[in-house]
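The structure appears right after this line, and notes come after that.
Chain A is the first sequence line, chain B the second, and so forth, proteins listed ahead of strands; every chain is numbered from 1. Note that the structure is predicted; figures quoted are calculated from it, not measured.
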Amino acid sequence: MKQVKLDDLYRDTILDHYKNPRGRKELDRIDAEHKGYNPLCGDQVTIKAKFTNGYLEDVAVDSQGCAISVASGSMLAELLPGKSLKEIQQITEAFREMMHGKKLPDDMDIGDLDALEGVKKYHSRIKCALIPWITLNDLIKARQEKETLVSPSLPE
Amino acid sequence: MKQVKLDDLYRDTILDHYKNPRGRKELDRIDAEHKGYNPLCGDQVTIKAKFTNGYLEDVAVDSQGCAISVASGSMLAELLPGKSLKEIQQITEAFREMMHGKKLPDDMDIGDLDALEGVKKYHSRIKCALIPWITLNDLIKARQEKETLVSPSLPE
Amino acid sequence: MTTKTDGVIQMPAETGKQVLNVDIIRNDFPILNRKIHGNRIVYLDSAATTQKPACVINALSFFYRTSNANIHRGAYTLSEESSSAYENLREKIARFIGGVDQRGIVFTRNTTESLNLVARSWSKANIKAGDEIILTEMEHHSNLVPWIMIAQETGAVLKHIPVTEDGYLDMDIFYKLLSERTKVVSVTMVSNVLGTINPVSEIIKAAHSYNAVTVLDGAQGVPHTKVDAKELDCDFLAFSAHKMLGPTGIGVLYGKPELLEKMEPVLTGGGMIQEVTLNSATWAEIPWKFEAGTPNYADVIAFSSAIDYLEKLSMDAIRIHEKELTAYTLERLETFPDLTVYGPRDIEHRAGVVAFYDKLIHPHDLSTILDSYGIAIRAGHHCAQPLMRRYNIPANVRASFYIYNDKADVDALIEGLKKAREYFQYETS
Amino acid sequence: MTTKTDGVIQMPAETGKQVLNVDIIRNDFPILNRKIHGNRIVYLDSAATTQKPACVINALSFFYRTSNANIHRGAYTLSEESSSAYENLREKIARFIGGVDQRGIVFTRNTTESLNLVARSWSKANIKAGDEIILTEMEHHSNLVPWIMIAQETGAVLKHIPVTEDGYLDMDIFYKLLSERTKVVSVTMVSNVLGTINPVSEIIKAAHSYNAVTVLDGAQGVPHTKVDAKELDCDFLAFSAHKMLGPTGIGVLYGKPELLEKMEPVLTGGGMIQEVTLNSATWAEIPWKFEAGTPNYADVIAFSSAIDYLEKLSMDAIRIHEKELTAYTLERLETFPDLTVYGPRDIEHRAGVVAFYDKLIHPHDLSTILDSYGIAIRAGHHCAQPLMRRYNIPANVRASFYIYNDKADVDALIEGLKKAREYFQYETS
Ligand SMILES: Cc1ncc(COP(=O)(O)O)c(C=O)c1O
Ligand SMILES: Cc1ncc(COP(=O)(O)O)c(C=O)c1O
């Protein structure tokens, strides 16, 4: 059998995040919580977040799924704490575009996420990489809708 | 253009029956009447019959349709008068089987009907040849059902 | 005039016209080499189904020989290839019909299934007793019977735009039929018997002014002329691959995504679900919601080659070609004695379909005799029994054209008609 | 032992056994020559769809190159040829499944559509609130969701035969579920995940004793073993051509003619009518009543070659071959650490489907890694989410076999599993 040629997909960084997911922790305060689920492959992710002044102060990510989705969630947990909601939105958008073949803006810091670039060639796996990001996005949206009811002008 | 090779289908006998259909006439008494219709090609046939003692004394056939169906109805009108219902049933069955490729019983007189044998090779046209026969069959069945109500034992 | 080898003749620049080079095109269609009863085949039944160019046939074989695997659900190479090819065609079809949203492209088996899907799913949910559905007297059974069913089930009322003696929709009556009660207007782009090109843009605008939903039966439209569903603004458009060089077994339903999203699926099962328990199910997103079970993905992929082939020729050139052939046919048939030709005489309103009735020879006899000369035409009611009744004939004979037909085919037909009469021992002029 | 060149090995007369000669068979499948990432292709996803022998691919091309024309409605040579070929397959299929009445053979798109047709047409007309429909916990979504819809629309109640830990239907519970209220029993012949061969003959007899109608999902049954619908006496049987060497786009619904005759069509339009007016329609006879619009006749004709190919090998030999392969696979997988294999261990009750769960590597990762070695297996819920829940797993991995697989393919799979663990830096035994 020929040597595996998957190093563009499962880079060491990914396997490292997969085996030691960074976000699997407790938060001292939970401001919002959201569950993501892909019934088509059974992947599940639970995200808990702590916000301070419109910043994501900390985030816990608990993934059950394949190496790609677990690693992606772990990278999310490593990269995002301390970022503003606007920054998070930009990174999420950039990552989604990367999965669909676009180049990243030069000046954007995406931490270990670039290790996931190889996924874009595996169409059936793109969803795996995106699921934690979609879930966080849903969490933020749900929170904003709730808060709008209380105080309509929210800092970004 | 090459010479037509349809003589197995449109024999002269058929064209003769088509142009001068034998059954287009009035009966002095009509015991039963039935309409046959093939909505798929628009062919129509009206059959009127006069019965005596379980024999078909006379029959009038009025066809509107293609050469094959008109000729077949005309041959029916020429062949059947004077036959018993049982004989008619046998001839109808034999003709139907001929259309599906079977040989006729040696001793059966089918008049000009054998000129229609070539139709069996043209699947889409078999129905055309059968429609007057199916209609007569329906006529007889309808009559028998009606008569059974009156006198259950009917001579064949 | 320069002839290119790809089947298109570029006309002098000032005319801006492209016409088809039928001699070259015919080489692409293997079946046209066949002899029928010793004669070359003159195929004049493209309105029933078209022949297929070698590129389509080969694409199908090639796919089965190299990439076949069930789509959507496999994370291995073959399945990824099959899935991408399948989804790529969706994108291509969306572009082909005017750049609509590809989420609005549903693959079905044929036009008939597409129309049933609209009637079943959209209409049944949105129509109640007393509502009105406007159709026309020239519809194919596939755009009549599904609505008859809906009317019977809901108590809605069917209204039909009549057809004038010369084969047009009576638009005055259409405007009178339209009202607040009108919920659906479903019409054919082109009559498969009369060849009439209906004023669908006008019909859609008028229908929308009453908030009615518009459905186009594009079975005879999309294959023969450039159709821009976006500009037309139709709500639904149905057509079949097999009538436009593609394989059998593929139909398309285009629907506006906002309508499709609100529709319930008609077929349920594998591939169209989101989550299933023993007693409940939720649906995948559109368009997959409407594609239950293993789709006919191999034929979808072959259809892609057919679209490429049509685009290479250009739909405008195809329309010009068919116009010329139709004009020539009408001209030749009109001088033929004892023969009635149906449909519009104005070639701007007529597609490449010419139905006629020979008063001396029954349609089925004619068809059989013409076949003995290698000429394939269709005799019958063409799935339009109400239209046949409108013209008071049981059936007629129809010649219909496509890119591989030329004037020699029309000449063969005329010659065949003469021979048929000789054969039946009628005089010919 | 004599080897013939047609893919069958005749075993010594006393055993009476025929087995397949995979080396010869593989030559008939062009796709198997393909390399995936430099490796020979090891195709282990035949339960999703099978590969096609050259004879099927060629039959399809040949048809389009020589005989293509729309069927049933043309009185010319090409159309007569297409029509006969289409109807001949109906006869062949009727024979293939045990010599049933060919009027009971309806062509659909796939198993899913066949099952929907029964649920929609038979059940909806015959089922009312409180009636019970018995299914099983191991059904494919295509034999679950259509019944969920019927239950929701009619108020009928669904009952499910549970699956035991080792993958069998719990027949004791089945007998308890059966009652006068049971109107339909619809079960799969073979589970597409567990490989379980269900005791359908027993189920049918029991169901009939309560006058319930029986429906068999034959998608994984008919391709892999001799099925005699007459002897089984099932009322309906559904299967797909693409899972038995045939093209995509063709399904079969066999139904007893006396039931089909009383059923209403689901799709209406051209080709299935008797007479149409603007406000009414009557239907053609069965089976045509259920085939609206232009059927996928080209693929039907190609399917015919697939049946010939299977009959040449003989369904009995196919079953023996798959039994041996499955036994070997179970044996090899059972010694593999940290890996759960699902379904019966008794090979007499198990078809060539082996699903397993690697506790160390997620199914999707496994599938991607195996693909890099050219091994095509399926990861996911296999359209059986309720069954996945039954075993408390989100998804698993499935290898499934057909006539072109051999022990070398199983060895490749085992080797691949080891490599995957090495790649993920887990220890392998
Ligand atoms: C048991 C079973 N039933 C039904 C189906 C559905 O078959 P199709 O996708 O051809 O409709 C499948 C295959 O996926 C199956 O394995
Ligand atoms: C105008 C029109 N509508 C609908 C159809 C039905 O198309 P299909 O048979 O592909 O479903 C046809 C073709 O027969 C047609 O000509």
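- Counting heavy atoms from C-beta outward, D:Ile148 and C:Asn279 have side chains that stay 4.5 Å or more apart.
- Residue D:Thr111: no heavy atom, backbone or side chain, is found under 4.5 Å from chain C.
- C:Asp371 and D:Thr77 form a side-chain donor-acceptor contact under 3.5 Å, judged by distance and modelled atom types alone.
- Between the CG atom in C:Leu144 and the OG atom in D:Ser280 there is a gap of 10.5 Å [rounded to 0.5 Å].
- Proximity to chain C (any heavy atom under 4.5 Å) is shown, for D:Glu275, by both the backbone and the side chain.
- In this structure, the portions of C:Ala376 lying under 4.5 Å from any heavy atom of chain D include both its backbone and its side chain.
- Taking CZ from C:Arg109 and CZ from D:Phe107, the interatomic distance works out to 12.0 Å, rounded to the nearest 0.5 Å.
- Contact annotation: the side chain of C:Tyr76 never approaches that of D:Ile377 to less than 4.5 Å [non-hydrogen atoms, C-beta and beyond].
- When each of D:His160, D:Lys52, D:Arg389 is scored by its heavy-atom pairs under 4.5 Å with chain C, the top score falls to D:His160.
- Side-chain contact check for D:Leu78 versus C:Gln51: some heavy-atom pair is nearer than 4.5 Å.
- Heavy-atom distances place the side chain of C:Ile41, and not its backbone, under 4.5 Å from chain D.
- D:Ser79 places a side-chain heavy atom less than 4.5 Å from the side chain of C:Arg378.
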Assess whether side chain to side chain contact (heavy atoms under 4.5 Å, CB included) is satisfied between D:Phe63 and C:Ile57, documenting all intermediate values. CA-CA 10 Å; D:Phe63 176 75; C:Ile57 305 172; over 6 Å; no
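- Within the 3.5 Å criterion, the main-chain N or O of D:Arg65 finds no donor-acceptor partner in the side chain of C:Asn33.
- Looking only at distances, a side-chain donor or acceptor of D:Asn116 sits under 3.5 Å from a matching main-chain atom of C:Thr268.
- For C:Ser67, the parts lying under 4.5 angstrom from a heavy atom of chain D are both the backbone and the side chain.
- Looking at heavy atoms from C-beta onward, C:Val145 lies in side-chain contact with D:Trp283 at the 4.5 angstrom threshold.
- Separating the CG atom in D:Leu278 from the CH2 atom in C:Trp147 is a distance of 15.0 Å, to the nearest 0.5 Å.
- In this structure, no portion of C:Val300 lies under 4.5 Å from any heavy atom of chain D.
- In this model, no donor atom of one side chain and acceptor atom of the other lie less than 3.5 Å apart for D:Thr294 and C:Asn110.
- No side-chain heavy atom of C:Thr112 sits under 4.5 Å from any side-chain heavy atom of D:Met272.
- A donor-acceptor pair under 3.5 Å is formed between the side chain of C:Asn68 and the backbone N or O of D:Thr50.
- To the nearest 0.5 Å, the span separating CD on D:Gln274 from CD on C:Gln385 amounts to 8.5 Å.
- With sequence neighbours excluded, no residue forms a salt bridge (Lys or Arg N to Asp or Glu O under 4.0 Å) with D:Asp299.
- Note that NE2 of D:His242 is 9.5 Å distant from OH of C:Tyr64, once rounded to the nearest 0.5 Å.
- Contacts with chain D were tallied for C:Ile273, C:Leu117, C:Leu115, C:Val56; C:Ile273 has the most, counting heavy-atom pairs under 4.5 Å.
- Counting heavy atoms from C-beta on, the side chains of D:Pro386 and C:Val276 come closer than 4.5 Å.
- Your options are C:Thr277, C:Leu32, C:Thr368, and the one with the most heavy-atom pairs under 4.5 Å with chain D is C:Thr277.
- D:Ala292 touches chain C through backbone and side chain together, each having a heavy atom under 4.5 Å away.
- If you measure heavy-atom distances from C:Glu80 to chain D, you find no contacts under 4.5 Å at all.
- Within the 4.5 angstrom heavy-atom criterion, only side-chain atoms of C:Asn58, from C-beta onward, approach chain D.
- Across D:Pro363, D:Ala48, D:Pro265, D:Ala281, the residue that shares the most heavy-atom pairs under 4.5 angstrom with chain C is D:Ala48.
- The line from CZ of C:Arg120 to CG of D:Leu267 is 8.5 Å long, rounded to the nearest 0.5 Å.
- Using a distance-only test at 3.5 Å, with no hydrogens or angles considered, a donor-acceptor pair links the side chain of C:Thr248 to the main chain of D:Ala298.
- Between the side chain of D:Arg34 and the backbone N or O of C:Thr66 there is at least one donor-acceptor pair closer than 3.5 Å.
- Contact record, D:Cys383 with C:Gly270: SG-CA, 3.9 Å, taken as the closest heavy-atom pair.
- Neither the backbone nor the side chain of C:Phe29 comes within less than 4.5 Å of any heavy atom in chain D.
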